[in-house]
Novice: 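If you scroll down you'll find the structure; I have some questions about it.
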Amino acid sequence: MTRKVTMTSPVRRRSRRAGGFSILELLLVLVILSILAGIVGVKFAGQSADAKIKAAQAQLTEFGTALDTYEIKTGGYPTTQQGLDALVSQPAGVEDWPGRLLSKGVPKDQWGNDWQYSSPGSHNSDTYDLFSYGPDGQPGGGDDITNWTDEN
């Protein structure tokens with residue numbers, strides 16, 4: 001009777017043990033991924049806030065173009081009482097209304113608040129003041145989006 005002796009080679013023993021990951025290795029990978037996700041998240045959050053501010057400034061410019069067109073056609077800017085609605089529907093008593101100047105109506109600002117309009121303005125006494133309270137939704141605080149500069 002011959003006895004068969006099988007020996008496990010050291011290479012074969014190592015390959016069995018190295019076939020999976022240890023819990024420590026998995027935790028290390030999860031920590032690294034969490035750190036990377038945090039860095040990317042913070043970076044994109046800052047870009048989102050900047051994008052909203054730039055979009056509000058672009059919207060302010062669009063309003064300015066529409067208001068200037070209104071002024072050229074009617075001889076004056078809409079009154080504070082008529083507001084920005086005068087750019088989408090004819091106010092009472094305005095004969096030479098140029099028609100709808102904002103195709104989608106008067107939008108809210110990028111933070112969901114109404115744009116503030118007054119004519120004549122306290123900063124631009126010969127035209128109008130147009131502004132958004134910005135991200136905090138409150139007057140002042142240095143984050144308002146306005147059609148005037150501090151020098152006015």
Side-chain angles (χ1 to χ4, degrees), residues 11 14-152:
V11 173
R14 251 185 292 162
S15 67
R16 281 188 202 151
R17 196 176 62 202
F21 295 106
S22 72
I23 190 76
L24 186 60
E25 292 168 326
L26 289 174
L27 287 175
L28 182 61
V29 168
L30 286 175
V31 167
I32 291 170
L33 289 175
S34 298
I35 291 170
L36 289 174
I39 291 169
V40 169
V42 168
K43 186 168 180 98
F44 282 132
Q47 288 179 351
S48 175
D50 288 345
K52 281 187 175 186
I53 290 169
K54 287 179 182 173
Q57 291 167 337
Q59 195 170 34
L60 187 74
T61 301
E62 180 183 355
F63 280 135
T65 301
L67 286 163
D68 289 342
T69 301
Y70 183 96
E71 190 270 336
I72 290 167
K73 298 288 187 173
T74 65
Y77 291 101
T79 65
T80 301
Q81 292 166 331
Q82 293 168 335
L84 297 173
D85 289 333
L87 302 174
V88 294
S89 60
Q90 185 171 5
V94 176
E95 298 299 321
D96 296 331
W97 186 64
R100 190 177 182 95
L101 296 169
L102 297 174
S103 61
K104 297 180 180 177
V106 180
K108 303 266 187 193
D109 69 10
Q110 279 57 36
W111 301 275
N113 302 312
D114 291 327
W115 283 90
Q116 307 300 308
Y117 172 81
S118 61
S119 178
S122 57
H123 297 276
N124 299 308
S125 57
D126 56 335
T127 58
Y128 59 88
D129 289 351
L130 179 61
F131 60 98
S132 161
Y133 290 131
D136 69 359
Q138 301 295 319
D143 64 347
D144 296 353
I145 312 296
T146 67
N147 73 325
W148 66 86
T149 59
D150 290 333
E151 293 97 41
N152 287 1

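Position 1 is the first residue of the sequence; numbering continues from there.
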Novice: Just do the side chain to side chain contact (heavy atoms under 4.5 Å, CB included) check on I35 and I32 with the steps written out, would you?
Specialist: CA-CA 5 Å; I35 291 170; I32 291 170; 5.7 Å; no

Novice: Treating S118 as the side-chain partner and G121 as the backbone partner, does any N or O pair qualify as donor plus acceptor under 3.5 Å?
Specialist: no

Novice: Under 4.5 Å between any side-chain heavy atoms of Q138 and Y133, yes or no?
Specialist: no

Novice: List for me each residue that meets side chain to side chain contact (heavy atoms under 4.5 Å, CB included) alongside I72, sequence neighbours excluded, and say none if there are none.
Specialist: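 For I72, no residue satisfies side chain to side chain contact (heavy atoms under 4.5 Å, CB included) once neighbours in sequence are set aside.
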
Novice: Taking only residues two or more places apart in sequence, or in another chain, which ones meet I53 in a side chain to side chain contact (heavy atoms under 4.5 Å, CB included)?
Specialist: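 By the side chain to side chain contact (heavy atoms under 4.5 Å, CB included) rule, I53 matches Q57, W111, I145.
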
Novice: May I have all residue pairs that pass salt bridge (charged side-chain N to carboxylate O under 4.0 Å, His left out) and include part of residues 118-127, sequence neighbours excluded?
Specialist: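 Qualifying pairs, neighbours excluded: none.
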
Novice: Using side chain to side chain contact (heavy atoms under 4.5 Å, CB included), reason through Y70 and T65 one step at a time and then give a plain yes or no.
Specialist: CA-CA 9 Å; Y70 183 96; T65 301; over 6 Å; no

Novice: Can you name the nearest heavy-atom pair linking P120 to S125, along with the distance?
Specialist: CB-O, 3.3 Å

Novice: Identify the heavy atoms of S119 and P78 that sit nearest to each other, and give their distance.
Specialist: CB-O, 3.2 Å

Novice: Looking at every heavy atom in both G105 and V88, which two are closest together, and how far apart are they?
Specialist: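 So the two residues come closest at CA-CG1, 3.6 Å.
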
Novice: Please list all pairs passing the salt bridge (charged side-chain N to carboxylate O under 4.0 Å, His left out) test where one or both residues lie in residues 88-97, with sequence neighbours left out.
Specialist: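 Every pair satisfying salt bridge (charged side-chain N to carboxylate O under 4.0 Å, His left out) with a residue in residues 88-97: there are none.
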
Novice: Please list all pairs meeting side-chain hydrogen bond (donor to acceptor under 3.5 Å, both in side chains) that have one or both residues in residues 98-110, counting only residues at least two apart or in different chains.
Specialist: Q59-Q110, K108-D114, D109-S132

Novice: Mind running ring-ring contact (aromatic ring centres under 6.0 Å, His included) on F63 and W115 for me, showing each step along the way?
Specialist: CA-CA 10 Å; F63 280 135; W115 283 90; 5.5 Å; yes

Novice: Just wondering, do L67 and L84 contact through their side chains at under 4.5 Å, heavy atoms?
Specialist: yes

Novice: S122 and D129: side-chain donor and acceptor closer than 3.5 Å?
Specialist: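 Yes.
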
Novice: Just how far is it from atom CG of D136 to atom CG of D144, taken to the nearest 0.5 Å?
Specialist: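 The CG atom of D144 is 6.5 Å from CG of D136, to the nearest 0.5 Å.
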
Novice: Just to verify, what does I23 make a side chain to side chain contact (heavy atoms under 4.5 Å, CB included) with, not counting sequence neighbours?
Specialist: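 Once residues adjacent in sequence are excluded, the partners of I23 under the side chain to side chain contact (heavy atoms under 4.5 Å, CB included) criterion are L27.
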
Novice: Does T79 have any side chain to side chain contact (heavy atoms under 4.5 Å, CB included) partners at least two apart in sequence or in another chain, and if so, which?
Specialist: Q81, Q82

Novice: Is there any salt bridge (charged side-chain N to carboxylate O under 4.0 Å, His left out) pair reaching into residues 59-82, and which pairs are they, with sequence neighbours excluded?
Specialist: none

Novice: Could you list the residues that satisfy ring-ring contact (aromatic ring centres under 6.0 Å, His included) with Y77, not counting sequence neighbours?
Specialist: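 Once residues adjacent in sequence are excluded, the partners of Y77 under the ring-ring contact (aromatic ring centres under 6.0 Å, His included) criterion are Y128.
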
Novice: Could you walk me through whether L130 and T146 pass the side chain to side chain contact (heavy atoms under 4.5 Å, CB included) test, one step at a time?
Specialist: CA-CA 6 Å; L130 179 61; T146 67; over 6 Å; no

Novice: Mind checking whether H123 and W148 have parallel, tilted or perpendicular rings, split at 30° and 60°?
Specialist: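 The rings of H123 and W148 lie parallel, inter-plane angle below 30°.
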
Novice: Which heavy atom in L101 sits nearest to a heavy atom in P98, and how many Å separate them?
Specialist: CD1-CG, 3.8 Å

